[in-house]
There are 2 protein chains.
Amino acid sequence: MQKTIRIVIIEDDQILQHAYKQLIEDECGFQVVSCYSSFDAAEKKLVTDDPGIILLDIELPGTNGVQAIPLIKKLVPKAMVIMLTVYEIEEQIFAALANGASGYLTKDVSSAKIIEAIYDARAGGGPMSKKIASIVIKSFQKNTDSPLSKRETEIIKMISEGKKRNEIADELFIELETVKTHIKNIYSKLNVNSRSDALKVVKKNRLI
Amino acid sequence: MQKTIRIVIIEDDQILQHAYKQLIEDECGFQVVSCYSSFDAAEKKLVTDDPGIILLDIELPGTNGVQAIPLIKKLVPKAMVIMLTVYEIEEQIFAALANGASGYLTKDVSSAKIIEAIYDARAGGGPMSKKIASIVIKSFQKNTDSPLSKRETEIIKMISEGKKRNEIADELFIELETVKTHIKNIYSKLNVNSRSDALKVVKKNRLI
DNA sequence: TGAAAAATACCCCCGGAAGGGGGATTTCCG
DNA sequence: CGGAAATCCCCCTTCCGGGGGTATTTTTCA
């Protein structure tokens with residue numbers, strides 16, 4: 001026999017909140033234990049609600065969804081948090097995932113997808129709507145036309161790891177002087193004259 | 001009228017290759033223009049094949065799938081590459097995505113999912129199987145029990161950006177001496193005595 | 001409320017890392 | 001063939017990085 005999945009909804013739009021509740025409760029094995037209009041309202045009751053899944057809106061009055069995630073995780077560590085939002089803002093997506101969200105859905109998804117996402121999250125998956133998935137994948141893509149040579153890329157990567165010139169020389173089995181030359185060339189190609197500025201350019205343009 | 005999607009399959013398992021070809025050609029609007037058993041075999045013909053989508057196995061004789069991606073992108077830049085593999089090896093996933101793969105499927109997915117993934121990729125989405133999505137999402141999660149305080153985390157993050165102690169002091173509006181103290185405490189908590197070692201620990205444990 | 005943790009600031013010392021100026025050679029590829 | 005990449009060497013100056021202390025204030029939380 002399967003255990004009932006306890007679900008909490010935190011969503012300030014009353015109409016959406018009811019719509020979610022309705023569609024979830026139509027699914028057998030799902031139980032909406034509580035609905036809240038803000039995290040601040042949910043805070044004290046979450047522990048007794050003991051949810052397995054939390055549907056969390058990002059645009060909330062008071063503590064916003066992204067800030068709420070770590071607080072939720074403290075209160076109910078085993079609950080999986082699925083973000084629900086109208087916006088596809090990169091920083092928000094990455095901040096939410098970094099804070100511990102298990103999934104990320106845009107509000108235009110179908111009812112079926114929401115149900116599926118809950119099952120997914122329970123199974124340890126990472127439910128995402130398509131647009132989110134494409135944004136996430138794009139965040140991994142490196143720039144293909146870098147001004148830096150292969151060796152230079154290798155070296156700036158090591159610099160990004162905080163390595164000193166002589167550490168780099170040792171690891172690459174080349175002379176310190178060669179490393180110095182490469183770094184000079186990197187700085188010249190990137191039009192900078194310090195490690196931090198070089199890393200700024202390199203990260204901004206996804207060169208590593 | 002919709003344009004036919006030209007598809008190339010690079011897969012060394014003959015049985016799978018034929019299976020994919022079959023299921024794709026059953027879908028109206030899809031055309032498998034060529035099948036190859038290795039990238040090296042495909043290389044010279046890819047340009048005339050002019051594919052919109054490439055299904056690419058990772059375990060290939062000769063040039064492997066991950067290495068092949070950038071070469072493919074040079075030959076046919078607008079082609080979307082979807083990886084197909086039995087393994088879920090983190091490094092491989094991230095390397096493939098960094099190299100420009102548009103999607104990543106494990107071979108246990110259903111026929112319908114493969115068809116869907118092709119449509120997705122065409123639409124600019126990022127098709128992933130569930131396990132891959134969960135791995136990708138986990139890669140964003142930060143460690144929640146860090147020994148470092150908030151300020152220390154802030155500072156080690158700036159160190160990871162290549163910033164010098166006095167640059168950090170300026171940005172945080174605190175004295176250089178305070179930054180030095182924080183760094184000393186960071187090193188002591190992480191049991192290291194250099195920037196590079198600190199960054200190694202911090203990245204390994206996802207503290208930033 | 002009261003102790004612990006975090007954040008702030010200051011002193012001393014030393015080695016060598018970082019960045020910039022030159023110049024030079026070999027290797028490889030289109 | 002010419003150019004880019006990769007390698008190595010010399011000079012120079014500045015000031016950064018790491019380690020040894022101590023101390024005050026603010027915040028946090030039990």
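Every chain is numbered from 1 and lettered A, B, ... according to where its sequence line falls, protein lines coming before strand lines.
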Taking only residues two or more places apart in sequence or in another chain, which ones pass ring-ring contact (aromatic ring centres under 6.0 Å, His included) with B:Phe140? A:Phe94, A:Phe140
Would you mind writing out the side-chain donor-acceptor pairs for residues 178-187 of chain B within the sub-3.5 Å range, not counting sequence neighbours?
unit_1   : atom_1 : unit_2   : atom_2 : d
B:Thr181 : OG1    : B:Glu177 : O      : 3.0
B:Asn185 : ND2    : B:Thr181 : O      : 3.4
B:Tyr187 : OH     : B:Arg195 : N      : 3.1

Want to settle it: does A:Thr181 or A:Arg165 sit nearer the 5' end of DNA chain C, counting the closest nucleotide to each? A:Arg165
Go through the structure and list residues passing salt bridge (Lys or Arg N to Asp or Glu O under 4.0 Å) with A:Asp13, not counting sequence neighbours. none
Write down the protein N/O and nucleotide N/O pairs, taken from nucleotides 25-27 of chain D, whose separation is under 3.5 Å; answer none if there are no such pairs.
none

Contacts under 3.5 angstrom, residues 45-56 of chain A side chains, donor-acceptor by atom type, not counting sequence neighbours:
unit_1  : atom_1 : unit_2  : atom_2 : d
A:Thr48 : OG1    : A:Lys45 : O      : 2.9
A:Asp49 : OD1    : A:Ser34 : OG     : 2.9
A:Asp49 : OD2    : A:Ser34 : OG     : 3.2
A:Asp49 : OD2    : A:Tyr36 : OH     : 2.4
A:Asp50 : OD1    : A:Lys78 : NZ     : 3.3

Test side-chain contact (heavy atoms from CB on, under 4.5 Å) applied to A:Leu207 and A:Ile156, step by step: CA-CA 9 Å; A:Leu207 300 183; A:Ile156 192 71; over 6 Å; no
In the 5' to 3' direction, the nucleotides of DNA chain C bounding the stretch that comes under 4.0 Å of a heavy atom in chain B are C:dA6 to C:dG19
Counting only side-chain nitrogens and oxygens, does B:Asn166 get under 4.0 Å of the OP1 or OP2 atom of D:dC15? no
The bend of the helix from C:dT1-D:dA30 to C:dG30-D:dC1, taken between the axes of its five terminal pairs at each end and rounded to 10°, is 80°
Sub-3.5 Å donor-acceptor pair from the side chain of B:Gln141 to the main-chain atoms of A:Ala101, do we have one? yes
Looking at A:Thr4 and A:Gln31, would you say the former's side chain and the latter's main chain have a donor-acceptor pair under 3.5 Å? no
Nearest-Å distance for atom pair NZ/C1', residues B:Lys180 and D:dC16: 10 Å
What are the atom names and distances for every N/O pair under 3.5 Å that joins the protein to nucleotides 3-6 of chain D?
unit_1 : atom_1 : unit_2   : atom_2 : d
D:dA6  : OP1    : A:Arg151 : N      : 3.2
D:dA6  : OP2    : A:Ser149 : OG     : 2.2

Figure out the CZ/C1' separation between A:Phe173 and D:dT7, and round it to whole Å. 16 Å
Distance, nearest 0.5 Å, that separates CG of B:Leu190 from OG of B:Ser146: 7.5 Å
Per side-chain hydrogen bond (donor to acceptor under 3.5 Å, both in side chains), A:Glu11 is matched among A:Lys107, A:Lys21, A:His18, A:Gln17 by A:Lys107
Rounded to whole Å, CD of B:Glu177 lies from C1' of D:dG20 at a distance of 12 Å
N/O donor-acceptor pair under 3.5 Å between A:Ser129 side chain and A:Thr106 backbone: yes
Taking only residues two or more places apart in sequence or in another chain, which ones pass side chain to side chain contact (heavy atoms under 4.5 Å, CB included) with B:Ile89? B:Tyr87, B:Glu91, B:Gln92
Is B:Lys130 salt-bridged to A:Glu116, going by a charged N under 4.0 Å from an acidic O? yes
When the side chains of residues 158-166 of chain A are checked against the rest of the protein, which donor-acceptor pairs come out under 3.5 Å, sequence neighbours left out?
unit_1   : atom_1 : unit_2   : atom_2 : d
A:Ser160 : OG     : A:Lys157 : O      : 2.6
A:Glu161 : OE1    : A:Lys163 : NZ     : 2.9

Can you list, in residue-number order, the parts of residues 192-208 of chain B that come under 4.0 Å of DNA chain D, counting heavy atoms only? B:Asn193, B:Ser194, B:Arg195
Value rounded to 0.5 Å, distance of CG in B:Asp145 from CG in B:Asn143: 5.0 Å
CE/B:Met83 to CD1/B:Ile132 distance, rounded to the nearest 0.5 angstrom? 10.5 Å
Extract all donor-acceptor atom pairs below 3.5 Å that involve side chains of residues 65-74 of chain B and protein atoms in other chains or at least two apart in sequence.
unit_1  : atom_1 : unit_2  : atom_2 : d
B:Gln67 : OE1    : B:Asn64 : N      : 3.0
B:Lys73 : NZ     : B:Ala79 : O      : 2.9

Whole angstroms only, please: what is the CD1-P distance between A:Ile183 and D:dC8? 14 Å
